[in-house]
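The block underneath contains the structure these notes are about, expressed in structure tokens.
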Number of protein chains: 2
Amino acid sequence: MKRTSRDIRTANRYEVLRQIIARSPTSRQELAAATGLSLATVATLVGELLDLRMLTEVGFEDSAGGRPRGLVAVNAAGGALIGVDIAETYVHVELFDLALNVLARAEEDIRPGESRPEQVVGHVAAAVGSVVAQAGVEAARVLGVGVSVPGQVDRDTGIAEYAPNWDWHDVPLLDLLGEHIAYPLHLDNPLRAGAVAELWFGAARGHGDAVVVNLGTGVGAGLVLGGGLHRGVSNSAGEWGHTTLVLDGRPCHCGNHGCVETYVGAPGIMQNLRELSAHSPLLHPEDQTATVDALARGVAEGDPVAVQVVRDTARYLAAGIADLVNLLNPEVVVLSSWVAARLGEPLLDEVREAVARHALRRPLAATEIVLSPIPTDPVCLGAATFALEGALQSVGQRSAQRAAGRT
Amino acid sequence: MKRTSRDIRTANRYEVLRQIIARSPTSRQELAAATGLSLATVATLVGELLDLRMLTEVGFEDSAGGRPRGLVAVNAAGGALIGVDIAETYVHVELFDLALNVLARAEEDIRPGESRPEQVVGHVAAAVGSVVAQAGVEAARVLGVGVSVPGQVDRDTGIAEYAPNWDWHDVPLLDLLGEHIAYPLHLDNPLRAGAVAELWFGAARGHGDAVVVNLGTGVGAGLVLGGGLHRGVSNSAGEWGHTTLVLDGRPCHCGNHGCVETYVGAPGIMQNLRELSAHSPLLHPEDQTATVDALARGVAEGDPVAVQVVRDTARYLAAGIADLVNLLNPEVVVLSSWVAARLGEPLLDEVREAVARHALRRPLAATEIVLSPIPTDPVCLGAATFALEGALQSVGQRSAQRAAGRT
DNA sequence: AGGGGTTAGGAAAGGGGGTTTACAAAGTCG
DNA sequence: CGACTTTGTAAACCCCCTTTCCTAACCCCT
């Protein structure tokens with residue numbers, strides 16, 4: 001709430017690093033132009049990051065007749081970040097270099113009944129150990145681990161306040177993980193992980209206001225407002241999946257009826273299919289992924305049932321998205337997560353068209369709807385980004401301390 | 001988007017003045033404690049405002065055994081602010097002193113067919129002239145005029161981009177008004193005026209995230225996020241009235257079906273009444289105000305039809321508010337505008353109960369739902385607040401210029 | 001009445017941040 | 001080889017907030 005000049009520095013540090021990552025090898029000049037900061041500020045920030053070996057100088061670039069521009073790039077080898085995506089049925093862990101390339105992956109299944117906190121923590125610890133070993137990274141190089149866990153999370157205390165799938169209540173997850181993992185840990189939920197991934201590396205980059213719509217088994221919306229993540233007062237903003245779309249509609253596990261999630265979440269899409277064609281060969285009753293894949297293939301092949309299911313789903317989705325556009329007036333709405341990735345362009349086209357019918361003209365005109373351009377798991381990437389942000393934050397503190405020590 | 005240290009100053013200036021207005025006569029000590037700023041900063045800011053005659057020193061207060069605390073209060077006579085509320089059928093103008101007390105009021109009716117921009121501007125100019133004359137304020141004392149006009153507004157260029165009631169398109173309203181009114185003008189829409197009024201003087205004061213639900217003929221939500229007004233990319237955030245509440249529900253003038261506004265706007269409430277009891281004596285077919293008043297009286301007297309209509313309305317409203325709570329996780333939801341004021345506590349009680357049924361437990365636990373405590377027209381007050389903010393802004397610029405001039 | 005004790009508030013110093021200006025460094029071109 | 005260009009660093013400067021020091025103003029007690 002209370003802003004200080006230090007926050008400005010942090011924001012600028014983020015922005016500069018974002019631009020460097022996005023533009024790979026780039027010059028200070030270009031960064032200054034892109035960020036709107038003065039050359040001096042950019043140079044200071046770049047110098048700081050060079051000192052920390054997060055960047056390297058990689059040569060020069062001709063400048064129209066003058067001194068050549070020095071180029072800097074992310075020092076991929078300068079550190080590693082780990083992103084952990086804990087979901088209902090699996091733990092997915094990826095290890096990234098500083099350019100956010102995936103160096104190693106590990107996955108552990110969580111079987112039904114194996115969902116006690118200690119068991120889940122065990123899976124996470126094993127997978128984290130595995131990616132570190134695979135990548136052959138020295139432990140010192142791991143700058144941090146970001147962990148995404150569904151539900152409500154208190155990121156300051158590291159407590160998973162409530163995880164709906166497993167009936168967890170106030171589990172001190174970060175403390176439990178800390179017993180197995182020595183790297184700096186950062187906890188948040190998948191909605192916000194997805195949003196931060198888009199903000200740093202995806203379609204929300206450079207935008208002040210964006211909505212990242214997460215379409216998976218569950219549904220939610222990460223909100224980027226005023227250039228930063230909107231968390232709300234108790235860090236639970238973005239619970240869009242339980243927005244009422246149809247009064248007295250389909251029952252939802254949250255206890256209400258007609259929630260968005262029951263129409264556009266993967267199980268909801270299966271229900272849309274069932275209502276259209278109860279015995280469709282597209283339907284794999286026990287397998288959400290297979291069903292969505294079958295639908296995607298069906299649309300590609302022109303199967304009328306598949307086309308209609310996607311259209312129906314898009315219609316529900318668009319009604320919800322139009323509401324978000326009207327309410328928040330964002331620059332961009334990003335469709336993310338595995339369902340969006342698999343249904344892809346056909347879904348996007350239908351959504352765009354249907355949103356245009358629902359939203360008010362003026363807010364709509366300012367809003368773009370796009371698919372997430374992030375090729376990997378956005379939740380892992382976002383979790384790793386939390387670790388990156390944490391590392392940058394402590395950079396600021398460290399350099400401040402160092403300056404104090406010098407005196 | 002780009003933050004500078006000056007924004008911090010502006011925000012602090014706002015916060016200090018807000019606290020002074022709220023605490024009437026108060027000491028620098030108390031202000032420092034309330035704002036979290038250091039005494040030095042508070043003293044500087046207070047000194048600035050004293051120089052500008054926006055504050056006065058009003059005596060001393062005992063301090064446990066030491067030097068007495070100097071008390072400062074708003075210098076009500078130090079200036080006047082004018083708030084203009086342009087609505088579909090009237091222009092409502094209020095003149096405030098700096099303590100935001102109403103010194104004069106004027107109202108002009110806009111008859112159907114009299115809605116050409118020049119005609120409306122004429123009404124505004126007449127009413128503004130009237131309040132200035134009534135209050136007997138010297139022209140130099142008027143620090144600014146805030147104007148609220150429905151629809152989409154570009155506050156920088158002063159253009160009313162789109163007013164749905166009158167089919168205005170890109171009317172350069174501020175320029176037109178400038179031909180008749182010599183004071184500094186500030187344009188925005190009633191949603192944001194209501195929100196800013198709550199932020200400065202009402203239930204949102206001191207809260208980082210708040211939603212101000214405007215219940216009038218139309219319906220909208222002013223969003224306070226991160227301590228400031230959320231405007232969205234094209235200054236049209238808050239269009240909550242056209243959120244889909246019932247898929248394929250009642251037709252709305254926006255072209256869609258089932259919008260919140262069609263159920264909880266005043267005409268929607270009349271429809272709720274009609275559906276329950278087509279020929280109820282409560283219904284005044286051509287008069288929204290009279291009908292809502294009749295409902296309020298009916299509830300007070302225990303009329304079962306009135307009670308049921310309020311309950312039905314609350315149920316719709318609560319579904320929409322629960323969605324806002326889930327999505328934005330605000331600290332407070334404020335019910336504002338004339339419908340909320342007239343239906344009052346009975347509506348609030350029903351809404352609270354119904355929201356509790358719809359919203360997720362965690363976000364709900366952090367959220368309070370309250371009626372607006374603002375006794376006067378919140379839109380006029382909010383519009384005047386825009387003028388106040390504008391005056392404070394130029395204070396900053398002026399003192400900067402003055403400092404430059406001194407050199 | 002005159003000193004201690006206590007609290008208020010102003011002035012100056014200090015630290016964080018960003019920008020502007022001056023200048024050295026490193027090229028190109030005639 | 002010198003003139004011109006462009007880059008990038010260092011120093012000076014402005015803004016903002018806080019901390020520290022000191023004076024002002026009051027109480028109480030002797």
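We name chains A, B, ... by the order of the sequence lines, and we start the count at 1 in each one. Worth saying up front: this structure is predicted, and the values here are computed from it rather than measured.
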Ser5(B) vs Arg69(A), nearer the 5' end of DNA chain D by closest nucleotide: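 Here Arg69(A) is the residue nearer the 5' end.
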Comparing Arg28(A) and Gly65(A) on DNA chain D - which has the more 5′ nearest nucleotide: Gly65(A)
Sugar-phosphate only, base, or nothing, as touched by Gly70(A) at under 4.0 Å among non-hydrogen atoms: sugar-phosphate
Touch class at under 4.0 angstrom, heavy-atom based, for Asp62(A) against every strand present: nothing
Stepwise side chain to side chain contact (heavy atoms under 4.5 Å, CB included) test for Arg205(A) and Glu198(A): CA-CA 6 Å; Arg205(A) 200 170 48 208; Glu198(A) 295 295 336; over 6 Å; no
Side-chain donor-acceptor contact under 3.5 Å, [X] with [Y]:
X         : Y         : result
Tyr14(B)  : Gln393(B) : yes
Thr41(B)  : Ser38(B)  : yes
Asn329(A) : Ser234(B) : yes
Arg192(B) : Asn235(B) : yes

Side-chain N or O of [X] versus OP1/OP2 of [N]: is the shortest distance under 4.0 Å?
X        : N       : answer
Asn12(A) : dG18(C) : yes
Gln29(A) : dG8(D)  : yes
Thr4(A)  : dC17(D) : no
Thr41(B) : dT18(D) : yes

Can you check the [X] [atom1] to [N] [atom2] distance for me, whole Å?
X        : N       : atom1 : atom2 : value
Glu48(A) : dT9(D)  : CD    : C1'   : 16 Å
Glu30(A) : dT7(D)  : CD    : P     : 12 Å
Glu61(A) : dA26(C) : CD    : C1'   : 15 Å
Arg3(B)  : dC15(D) : CZ    : C1'   : 17 Å
Leu71(A) : dT7(D)  : CG    : C1'   : 12 Å
Phe60(A) : dT5(D)  : CZ    : C1'   : 17 Å
Arg9(A)  : dC15(D) : CZ    : C1'   : 15 Å
Asp7(A)  : dG15(C) : CG    : P     : 20 Å

Between [options], which one does the side chain of [X] approach most closely?
X        : options                  : value
Arg67(B) : dT6(D), dA25(D), dC16(D) : dA25(D)
Ser63(B) : dA26(C), dC17(D), dA8(C) : dA8(C)
Ser38(B) : dT18(D), dT7(C), dT9(D)  : dT18(D)
Leu39(B) : dG9(C), dG17(C), dC17(D) : dG9(C)
Ala40(A) : dT20(C), dT9(D), dC16(D) : dT20(C)
Ile8(A)  : dG18(C), dC17(D), dT7(D) : dG18(C)
Ala43(B) : dC17(D), dG9(C), dG10(C) : dG10(C)
Arg6(A)  : dG17(C), dT19(C), dA8(C) : dG17(C)

Option passing side chain to side chain contact (heavy atoms under 4.5 Å, CB included) with Leu81(B) (candidates Thr385(B), Leu98(B), Leu381(B), Leu103(B)): Leu98(B)
